[in-house]
Amino acid sequence: MEVKDITSRDVDFAKWYTDVCRKADLVDYSSIKGSMIIRPLGYAIWEEMVKVLDNEFKKTNHENVQMPLFIPESLLNVEKEHVEGFAPEVAWVTHGGSNLLDERMCVRPTSEVLFCDHYKKIIKSYRDLPKLYNQWCTIVRWEKTTRPFLRSREILWQEGHTMHETKEEALEETLRMFNIYKSFQEKYLAMPVITGRKTEKEKFAGAEITYTIEAMMYDGFALQNGTSHYFGQNFTKAFDITFIDKFNKLLMPYQTSWGVSTRMIGGLIMTHSDNNGLVLPPKIAPTKVIIIPIGEVREKLNLLKAELLKEGITFKVDESEKSPGFKFAEAEVKGYPIRVELGKRDLENNNVTLVRRDTLEKIVISYEEIVAKVKELLVTIQNDMYEKALIRRNSMIYDVLDYEELKTIAATKPGFIKINWCGNVECENKIKEDTTLKSRCLIEDEEVTAPCVVCGKPATTRLYIGKQY
RNA sequence: CGAGAAGUAGCACAGUUUGGUAGUGCAUUAGGUUUGGGACCUAGGGGUCGCAAGUUCGAAUCUUGUCUUCUCGACCA
């Protein structure tokens with residue numbers, strides 16, 4: 001459990017990642033492949049995420065529900081594209097006790113069909129719309145390769161499923177939730193993200209439009225950190241969901257779904273953490289301040305605790321018998337944004353030492369300044385972490401016009417590549433075959449600058465490509 | 001799912017080649033001394049060697065199967 005056990009980030013990034021997950025005590029392996037135990041610190045980070053997002057969902061009039069865990073096979077089969085997309089990775093329940101079931105059921109890999117089955121019953125009139133439901137739950141997808149937080153078989157997440165009277169309303173909802181995710185990741189997780197539509201090839205099974213949020217990890221790989229889908233009437237037609245509008249006409253509603261998962265915790269680690277362990281942005285850190293008393297400082301400690309409590313700044317005090325050096329290292333592994341070293345020797349001069357986790361900078365100030373400085377630092381650290389990640393990310397984005405150059409960069413430089421693309425799936429496939437890079441998302445706010453980088457025909461759009469987790 | 005590597009105490013590992021009843025460091029418990037970057041002394045506790053079958057008088061060690069983890073590939077809404 002010592003920092004020196006953490007593999008260097010630049011030596012072996014994959015090993016470093018799992019080391020941080022374990023040493024910071026975020027997660028433990030269970031005896032079931034791909035099903036992890038989320039430990040108290042990992043879960044506390046998730047709870048902070050849930051708190052912020054759930055509040056955003058409720059502010060935008062969404063209601064939480066809880067749907068069944070199982071999906072009967074016949075129900076999963078209702079929407080053709082959807083079942084084809086998910087069938088290879090669902091887990092099946094075939095027995096109840098020792099009796100073979102008449103119809104096998106899968107453990108939900110996502111809940112579109114469950115919501116549709118329910119909406120069919122409760123939506124009758126335009127007065128029943130919109131329906132804005134969300135659920136916090138776990139789902140199961142039988143992944144072949146698994147990694148803590150990034151790709152597990154049991155996934156803790158949130159899925160919103162909404163039904164709307166018009167196409168315009170549904171499209172607006174898709175973008176509304178997409179923007180909530182984007183701004184959450186930028187403002188709270190301090191993660192710069194690229195956002196946009198997925199290509200036809202990469203969109204969600206059954207969706208008309210998929211918007212994606214992609215963050216670049218320290219090693220240049222992309223992590224898809226959230227998606228928002230517009231379904232049009234694909235599912236409502238398949239499920240025959242209808243309502244009567246105000247002119248007494250029978251119509252079909254338009255649908256969306258959107259989700260984020262504990263994968264964001266993996267993104268947080270691979271964006272900000274370092275060789276000393278976890279680094280958490282203050283806004284998402286469950287505990288903002290760790291106080292380490294050195295020597296007999298009880299009186300000042302009690303005073304400080306009362307002041308932080310009054311200010312609503314979450315803190316912990318390490319009053320264990322360990323040596324100060326051990327406590328410093330431990331505090332760094334766990335990623336507390338600010339460490340307060342409350343030492344007898346400093347206090348004789350009326351000083352305390354603050355240490356920023358993101359830069360490890362030591363700041364000596366007088367005792368009276370402490371609360372004001374902590375408040376200031378929490379803001380500074382949050383901003384600096386975003387800026388640092390942004391600069392690094394931007395330095396790893398390449399704009400490429402020539403296909404040979406594309407292959408060279410793909411093979412030698414980690415990161416994202418911007419290209420001009422004709423929109424043809426053959427060109428998309430060729431890039432993947434030649435370079436293993438896949439489409440991340442369309443860049444819709446930039447004009448095309450040259451012909452398609454693959455085929456040389458006129459380009460219709462700009463596109464981000466990159467390797468992914 | 002394919003190829004490769006690994007699994008011995010909470011963690012990191014030795015012991016396996018050559019079969020003989022399990023060890024080191026850290027952590028942990030008790031008492032004491034310490035305290036500004038991973039303290040020290042003394043005395044303890046903790047492991048059916050991933051699991052299962054087989055070979056053998058005897059298996060951590062040999063054989064087979066299986067599970068889990070890691071790496072590379074395929075897959076990945």
Side-chain angles (χ1 to χ4, degrees), chain A residues 1-7 12-19 21-23 25 27-36 39 79 81-90 108-113 139-148 150-153 155 157 159 198-207 210-212 222-224 226-229 231 257-261 263 276-277 292-297 318-333 339-349 351-353 355 360 362 364 432-433 436 438 467-469:
Chain A
M1 188 55 78
E2 299 195 358
V3 172
K4 56 186 169 231
D5 297 334
I6 297 180
T7 307
D12 184 344
F13 190 77
K15 182 111 193 341
W16 166 83
Y17 173 76
T18 47
D19 280 353
C21 285
R22 298 289 305 280
K23 307 297 177 196
D25 214 7
V27 82
D28 199 5
Y29 293 109
S30 73
S31 52
I32 303 146
K33 180 181 169 68
S35 256
M36 62 189 180
R39 306 261 308 136
E79 213 285 339
E81 272 185 45
H82 186 67
V83 66
E84 279 170 5
F86 280 104
E89 55 178 8
V90 293
R108 60 184 171 208
T110 177
S111 305
E112 272 73 12
V113 297
I139 55 168
V140 168
R141 296 177 187 181
W142 218 251
E143 300 288 353
K144 287 163 181 162
T145 304
T146 60
R147 303 190 65 193
L150 302 177
R151 189 168 293 282
S152 50
R153 283 187 175 169
I155 302 163
W157 81 342
E159 50 179 325
K198 280 287 188 194
T199 62
E200 283 301 300
K201 174 179 154 69
E202 298 293 333
K203 73 182 189 187
F204 183 84
T210 290
Y211 290 97
T212 183
L223 190 69
Q224 181 180 304
T227 45
S228 184
H229 314 288
F231 288 116
S257 88
W258 27 274
V260 292
S261 71
R263 179 181 264 190
N276 291 343
I292 298 177
I294 303 160
E296 176 45 56
V297 293
D318 188 346
E319 292 188 275
S320 67
E321 300 284 310
K322 310 279 190 203
S323 73
F326 186 95
K327 294 181 186 181
F328 298 161
E330 176 86 354
E332 280 158 17
V333 180
R339 179 166 90 233
V340 177
E341 300 178 8
L342 198 62
K344 198 178 167 189
R345 211 162 69 205
D346 271 350
L347 282 175
E348 280 164 9
N349 303 314
N351 283 340
V352 292
T353 303
V355 184
L360 299 177
K362 292 198 175 196
V364 180
K432 204 200 147 201
E433 260 173 51
T436 77
K438 287 171 76 174
K467 292 181 187 171
Q468 70 176 2
Y469 273 98

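Numbered from 1 within each chain, the chains take letters A, B, ... in sequence-line order.
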Paired nucleotide for B/G31 [Watson-Crick or G-U wobble; both distances under 3.5 Å]: B/C41
Spacing of the P atoms in B/G37 and B/A74 (rounded, Å): 49 Å
Nucleotide nearest A/Phe326 when distance is taken to its side chain, options B/U28, B/G38, B/C1: B/G38
Value in whole Å for how far the C1' atom of B/C72 lies from NZ of A/Lys144: 16 Å
Sugar-phosphate only, base, or nothing, as touched by A/Gly343 at under 4.0 Å among non-hydrogen atoms: base
C1' atoms of B/A14 and B/A6, separation to the nearest Å: 15 Å
Spacing of the C1' atoms in B/C75 and B/G2 (rounded, Å): 12 Å
Between P of B/A39 and NZ of A/Lys327, the distance in whole Å: 11 Å
Nearest-angstrom distance from the residue atom CD of A/Glu330 to P of B/G37: 17 Å
Selected nucleotide, minimal atom distance to A/Asp346 side chain, candidates B/C76, B/G36, B/C11: B/G36
Who pairs with B/G25 - Watson-Crick or G-U, where each distance is under 3.5 Å: B/C11
Straight-line distance of A/Glu159 CD to A/Trp258 CH2, nearest 0.5 Å: 10.0 Å
A/Lys362, nearest nucleotide to its side chain (from B/C1, B/G37, B/C76): B/G37
Inter-nucleotide C1' distance (B/C26, B/C40), Å rounded: 15 Å
Pairwise 5' ranking along RNA chain B for A/Asn351 and A/Gln224, keeping only the more 5' one: A/Asn351
A/Asp19 side chain to A/Thr7 backbone, donor-acceptor under 3.5 Å: yes
Of the listed nucleotides B/G38, B/C11, B/G36, the one nearest the side chain of A/Glu341: B/G36
Nearest to side-chain heavy atoms of A/Arg147, which nucleotide of B/C76, B/U71, B/G37: B/U71
Under 3.5 Å: donor-acceptor pair, side chain of A/Thr210, backbone of A/Phe204: yes
A/Arg39 and A/Asp28 ion-paired at < 4.0 Å: no
Between B/C70 (P) and A/Leu150 (CG): distance, integer Å: 11 Å
Sugar-phosphate only, base, or nothing, as touched by A/Lys201 at under 4.0 Å among non-hydrogen atoms: nothing
Spacing of the P atoms in B/G44 and B/G25 (rounded, Å): 14 Å
Steps toward side chain to side chain contact (heavy atoms under 4.5 Å, CB included) verdict (A/Lys198, A/Gln224): CA-CA 11 Å; A/Lys198 280 287 188 194; A/Gln224 181 180 304; 3.3 Å; yes
A/Tyr29 OH to B/G10 C1', straight-line distance once rounded to whole Å: 16 Å
Distance, C1' atom - from B/G65 to B/U24, rounded to whole angstrom: 33 Å
Evaluation steps, side chain to side chain contact (heavy atoms under 4.5 Å, CB included), between A/Arg147 and A/Tyr469: CA-CA 10 Å; A/Arg147 303 190 65 193; A/Tyr469 273 98; 3.0 Å; yes
Identified pairing partner of B/U66, criterion: Watson-Crick or G-U wobble below 3.5 Å: B/G50
Note, A/Arg263 side chain near A/Trp157 side chain (heavy atom, < 4.5 Å): no
Counter-base of B/C1, judged by Watson-Crick or G-U geometry with both distances under 3.5 Å: B/G73
P-based separation of B/G7 from B/G50 [nearest Å]: 8 Å
B/U61 to B/G19 separation - P atoms, rounded to the nearest Å: 12 Å
Touch class at under 4.0 angstrom, heavy-atom based, for A/Arg339 against every strand present: base
Side-chain donor or acceptor of A/Arg153 paired with backbone N/O of A/Trp142 under 3.5 Å: no
Separation of atom NZ in A/Lys33 from atom P in B/G50, rounded to whole Å: 20 Å
Check: B/G73 base within 3.5 Å donor-acceptor of A/Thr436 side chain: no
Sugar-phosphate only, base, or nothing, as touched by A/Thr145 at under 4.0 Å among non-hydrogen atoms: base
Side chain of A/Arg151 (C-beta onward), nearest among B/C76, B/U35, B/U34: B/C76
Sugar-phosphate only, base, or nothing, as touched by A/Thr353 at under 4.0 Å among non-hydrogen atoms: base
Base-pairing mate for B/U56 - Watson-Crick or G-U, with both contacts under 3.5 Å: none
Candidate nucleotides B/C76, B/U35, B/G38, ranked by approach to the side chain of A/Ser323 - the nearest: B/G38
Nearest-nucleotide comparison on RNA chain B, the residue closer to the 5′ end among A/Val352 and A/Asp12: A/Val352
Sugar-phosphate only, base, or nothing, as touched by A/Thr110 at under 4.0 Å among non-hydrogen atoms: nothing
A/Asn276 CG to B/G37 C1', straight-line distance once rounded to whole Å: 11 Å
Sugar-phosphate, base or nothing in reach of A/Ala14, heavy atoms under 4.0 Å: sugar-phosphate
A/Lys23 side-chain proximity, nearest of B/U34, B/C11, B/G36: B/C11
Spacing between A/Lys467 atom NZ and B/C72 atom C1', to the nearest angstrom: 12 Å
Which nucleotide in B/C76, B/G36, B/G37 has an atom nearest any side-chain atom of A/Glu143: B/C76
